[in-house]
Amino acid sequence: MDIDGILGNRDSKLGKSSIPRRRQWVKRRETWLVILGVILHAVYMLSIFDIYFKTPIVHGMDLVSPRFSPPAKRLVLLVADGLRADKFFEPDLEGNFRAPFLRNVIKNQGRWGVSHARPPTESRPGHVAIIAGFYEDPSAVTKGWKANPVEFDSVFNRSRHTISYGSPDIVPIFCGALPHSTWATYPHEFEDFATDASFLDEWSFDQFQSLLNRSNEDPKLKRLLEQDNLVVFLHLLGCDSNGHAHRPFSSIYLNNVKVVDHIAERVYNLLENYYKDNRTSYIFTADHGMSDKGSHGDGHPSNTDTPLVVWGAGVQHPRPVTAKDHSDHVLRFIDQHLHDTPTPKEWDLDGIERVDVNQADIAPLMSTLLGLPCPVNSVGNLPLGYVDMKEEEEVEAVLANTKQILNQFLRKSQIKQSHSLFFKPFKPLASYSSMLNQIEELLSARDYKAAMQLSENLRSLALKGLHYFQTYDLLMLMAMITLGYISWMVFLVLHVLQAYTLLPGDIFRKEEAVRQKSNTGKAQLCGCLFMAVVSVLLFLERSPPLYHAYFAMTIFLWTQILNEYKFIKALWRYLRGRESDYVIKLLALGVVSVIILELLVHSFTERKLYTWCFLIVGAIASIYLYKSIPWRSGIPVFVCLTCWFLSLFTLMPAEIPDNNKLVNASGVMVIVIGLTGKWLDLKAGVNRFWFGICNHEKRQPRFPMLFQLQALLVGLSSVMVFLSTSHRTVKQELHTIHQLMNWFIAGFSMILPLFSENGLFSRLNSIFLGFAPPFLLLSIGYEAVFYGALGLVLIAWILFENSLLYVHKVNKSSASGKNLGEHAFLENDTRYLQLSDMRIPLTFMVLFNVAFFGTGNFASIASFEISSVYRFITVFSPFLMAGLLIFKLFIPFLLVICAFSAITKLLEVPRIGCYFLVILCSDVMTVHFFFLVKNTGSWMEIGNSISHFGIMSAQVVFVLLLFALTNIYTKDIEIRSGSRDSRKVM
């Protein structure tokens, strides 16, 4: 009987002497293929920073000195970190407004609006936009908050002196290397999420007040404070810390709004009484907002909309709203949200003109008020609705802003032209010098309106030109990366066919002969020569080193494919000679696989697809099993119900609401599942449908009380969830004893599975119980129930595969005796792959992605719920907190991979071969996501699309790492397999 492998039959006449040599070749190929895959995906994942997130900073531009008198001698910048616009402007439940002083400023003294931030809405990028005037690329966030990846200019650099107090994560970014600055920060230990953080704002004010008081006794300090071009920056972190810890709807957060308003009032009174010259400008704003669940980072309006209040010297007074003032519908703000809606009525400001700005517009506003040159890297547009200047001075201010942006464009154009062999200029600005001359002529003729319009047009063209050179190499890089991924996938397919499938004997012998006799040096020589030519061209263009890596990877892989030309040709002849039914089966498998992977791609933006997926799969799988095995076994019903249960979670909101009772109930559910699993492991082994996965040994276990200890730890973790949360709520701090117990329970429980019995079901049950305590301690709501539901589905997957294995053995035993040994085996009791085995990596991909999106959106920065870590740590420690969050997200992945490893042992298929098929499926999705990456539209969409690409690109790395980690738990699992017994008898 013919055996239908991926390609066909194994030639039984293959010489035994060639088997060891071929095994060595496969092992060598596997090793360098894994290394190559990790390097390739790491390098190609970095390409998104060259394509989309190349730093916008260039150096070498001249400053543009303004040609008007500065309206202010000094400027005060108050930034309330994490303050949402709606919570600032709206009244409380009693109808009283939370910021009475600043509302009085809005109505009587200054101007107001909403400042629109651009994702990532984090503290560092927000402050860079406010103070330096440009949107820092998100790669800077990955390099840490405290270090500057690239030095940039700022308003503080241009000032005569800067005074700053606030957070140790923000103030040193701008003042750490600034010689003309006076600054101080509080210790990191002050940032404790278990307390009311408004005292941090009071600390900043007290430091500044103390400085002014000391100046009365220090003549040198007094002279420093009386000079012009002075900037005072107070960073007020309270709202951000309280928003993270207590959510923006809490009384603590809302009270913090009153605190920052009171600080603004005291700063204003303090300086007005100190100087008494009315030459001080004040700006109050925020770097980002805060989502309802206490996080920030994405492009939701709650994160991008921040308050802006400006008053003092050089600032216009309030204006009443007129019919023509609603012009937001013609503006395009950086967050790309809808801004033509009227001011909410509950704000009670709809009668006063509102002037919205992009966050980067605040930097040129500060520079203009002080009469300073704009920061050389700024891309902000001066908001004229705020400044109170003569018409001529307004034109001069806008012209200075335009020249500063134009200088950046000219510098980028010069750099690109000097490096390019085939330079393509930005044609709309080919005659920029004549436009500048025309503006000067209009100014001389006092035609200020025309000069203003031409200046704004030139500024708009300069911004478009900056974008043009920012994306100059985009098309070339995208083509090269795409070709690289295609070559990698082709090479993976060739390796799987050669190493893990039953190839026809004639093809195998011919391929081996060709491998030994043919001269592959020609392909290698052509590849090397082509790479040399490309490298010379890239070197002449002074391309970054990564450009060489992108081209080298792609050329190398295509060269390796050309080396397999004879094998590919023989394979093509073989497929042409097969029957049409086989070709149709092969094509059908490819189409179904692509459809499943495309559904997974779309599930990244539509989680509800998983609900339909598990509802349909549960029904189909149960019907299939019902026709294959008796219904009374309970397995078909169990598979259906567990799939339907898991389908509920992707209907739930991605923002997980707090529900500690549900977490405690989940602990009970985990114990019940573990008890049931233990009973089945001991009692169901005699059932033929559980054959091979249960504990058949009657010997005394090594650790008889291990299961009871694990169940006790799960119950204890549920108790600690209750105690830690209730104590922190009442005392507003985490008790040290509770903290130590939580760390001990989480760490100790993960070690215990290593001492469990090595039967498949008993080991997996122990792993399930071992990782439950840390997951429960890191849970705040329904995701704890998801852990149990995922475990049940993984059990259903194992039972489904074991049932198929049983049916297959029954069918074999009913056939002729010669078919008992129909499977050809590799080594270590693993057989060659078949077409039907493709279901294993496809099922793994579905479950692996459900682990991503079952309880939220892993691709969104705001989906990280920081309160999850409060049972372990409350003092702000970004790296430890991030590590705990990532570990929590990885626990479901560990369960999926443990089940995957167990199934490969159960079915006797090569795990490394299935791993390569998983990577192949992953890369099909990666290429799709690469083309879905956006550089237009909202930045929330752009950020999410790049997150999706990064997640899929990284799978080859962290799936491999998780395989290595889970191998510690699964390597000694033993399977009692009838097929092995039959082979021994034969």
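Only a predicted model underlies this, so the values are computations on that prediction, with no experimental measurement involved. Values below: all heavy atoms of this structure, side chains included; hydrogens, waters and symmetry mates excluded.
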How about Leu651: does its CG atom have over 12 heavy atoms from other parts shown lying under 6.0 Å from it?
yes

Which residue is it: Val846, Val924, Val850? I am looking for the one with a side chain to side chain contact (heavy atoms under 4.5 Å, CB included) to Leu600.
Val846

Answer yes or no: is there a side-chain heavy-atom contact under 4.5 Å between Leu646 and Leu792?
no

Over all atoms of both residues, closest heavy-atom pair of Val663 and Ser718
O-OG, 4.5 Å

CE on Met925 to NE2 on His948, rounded to 0.5 Å
10.0 Å

Do side-chain atoms of Tyr610 reach the backbone of Ser603 as a donor and acceptor pair under 3.5 angstrom?
no

Side chains of Thr650 and Lys608: closer than 4.5 Å at any heavy-atom pair?
no

For Asp287 and Gly82, work out which heavy atoms get closest and say how close.
OD1-N, 3.1 Å

Got Arg763 and Asp972 here, is their nearest side-chain heavy-atom distance under 4.5 Å?
yes

For the ring pair His246 and Tyr253, is the centre-to-centre distance below 6.0 Å?
no

Arg84 to Phe249, cation-pi by 6.0 Å centre distance and 45° axis angle:
yes

Ser295 side chain to Ser291 side chain, donor-acceptor N/O pair below 3.5 angstrom
yes

Do you know which two heavy atoms are closest between Met489 and Val927, and how far apart they sit?
CE-CG2, 3.8 Å

Aromatic contact between Tyr969 and Phe771, with the criterion being ring centroids under 6.0 Å apart: yes or no?
yes

For Ile767 versus Cys898, what's the shortest heavy-atom pair and its separation?
CD1-SG, 3.9 Å

Taking the six-membered ring for Trp, are the ring centroids of Phe614 and Phe645 within less than 6.0 Å of each other?
no

Could you check Phe848 against Gln955 for side chain to side chain contact (heavy atoms under 4.5 Å, CB included), going step by step and ending with a plain yes or no?
CA-CA 10 Å; Phe848 199 78; Gln955 278 200 10; 3.8 Å; yes

Is there a donor-acceptor contact under 3.5 Å linking the side chains of Glu191 and Ser241?
no

Polar side chain donor-acceptor pair, His127 to Asp81, under 3.5 angstrom
no

When you compare the side chain of Glu122 with that of His288, does any pair of heavy atoms fall below 4.5 Å?
no

